[in-house]
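So the structure is just underneath, and the comments pick up after that.
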Amino acid sequence: MKSEELKRKLVDDKATYTDEEIKWLFDHIGDSDGSIRDDLICNSFGYGFFKEKFSLE
């Protein structure tokens, strides 16, 4: 499941995000499940931005 893979990336300093994973995050940004919306999506974007895990490539 995509969410399990993304959860693992939250604790991996060397993790990077694929275009497909970023699309999944955007597609689920308003998910009714709080554990996905609040815990996974918000934390993934915050982690990704602050740790510079996103690039134009």
Side-chain angles (χ1 to χ4, degrees):
M1 177 180 244
K2 182 71 68 187
S3 62
E4 294 303 316
E5 184 178 333
L6 290 168
K7 284 179 188 177
R8 284 192 293 276
K9 289 187 177 214
L10 289 173
V11 295
D12 182 357
D13 285 339
K14 296 181 183 190
T16 59
Y17 292 85
T18 65
D19 288 346
E20 180 183 329
E21 290 169 333
I22 294 169
K23 182 181 178 337
W24 189 92
L25 290 170
F26 276 117
D27 288 346
H28 291 86
I29 203 164
D31 199 295
S32 60
D33 182 343
S35 67
I36 291 175
R37 180 191 62 241
D38 302 335
D39 298 334
L40 181 59
I41 306 300
C42 290
N43 288 335
S44 293
F45 279 129
Y47 174 77
F49 291 130
F50 288 118
K51 297 287 186 173
E52 298 178 357
K53 298 294 181 178
F54 303 124
S55 69
L56 294 175
E57 291 90 36

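Values below: every heavy atom of this structure, side chains too, minus hydrogens, waters and symmetry copies. Keep in mind it's a predicted model, so treat the numbers as computed, not measured.
Contacts of K51 classified as side-chain contact (heavy atoms from CB on, under 4.5 Å), with partners at least two apart in sequence or in another chain: Y47, K53. Considering only residues two or more places apart in sequence or on other chains, F26 meets the side-chain contact (heavy atoms from CB on, under 4.5 Å) condition with I22, F45.
Put simply, the side chain of D31 does not reach to within 4.5 Å of the side chain of I41, judged on heavy atoms. Residues L40 and L10 form a side-chain contact, since some pair of their non-hydrogen atoms from C-beta on lies under 4.5 Å apart. The shortest distance between side-chain heavy atoms of H28 and K2 does not fall below 4.5 Å.
Across all their heavy atoms, R37 and S32 have their closest contact at NH1-O, 3.6 Å.
Just one residue in the list R8, K9, K7 forms a salt bridge (Lys or Arg N to Asp or Glu O under 4.0 Å) with E21, and that residue is K9. If you run side-chain hydrogen bond (donor to acceptor under 3.5 Å, both in side chains) between S35 and each of D38, D39, D33, only D33 comes through.
There is no path of hydrophobic side-chain contacts, each under 4.5 Å, that joins F54 to F50.
With rounding to the nearest 0.5 Å, the separation of CG in L25 from CG in N43 is 11.0 Å. Taken to the nearest 0.5 Å, the CD1 atom of I36 stands 11.0 Å off from the OG atom of S44.
Taking a cutoff of 4.0 Å between a charged side-chain nitrogen and a carboxylate oxygen, K23 and D27 qualify as a salt bridge.
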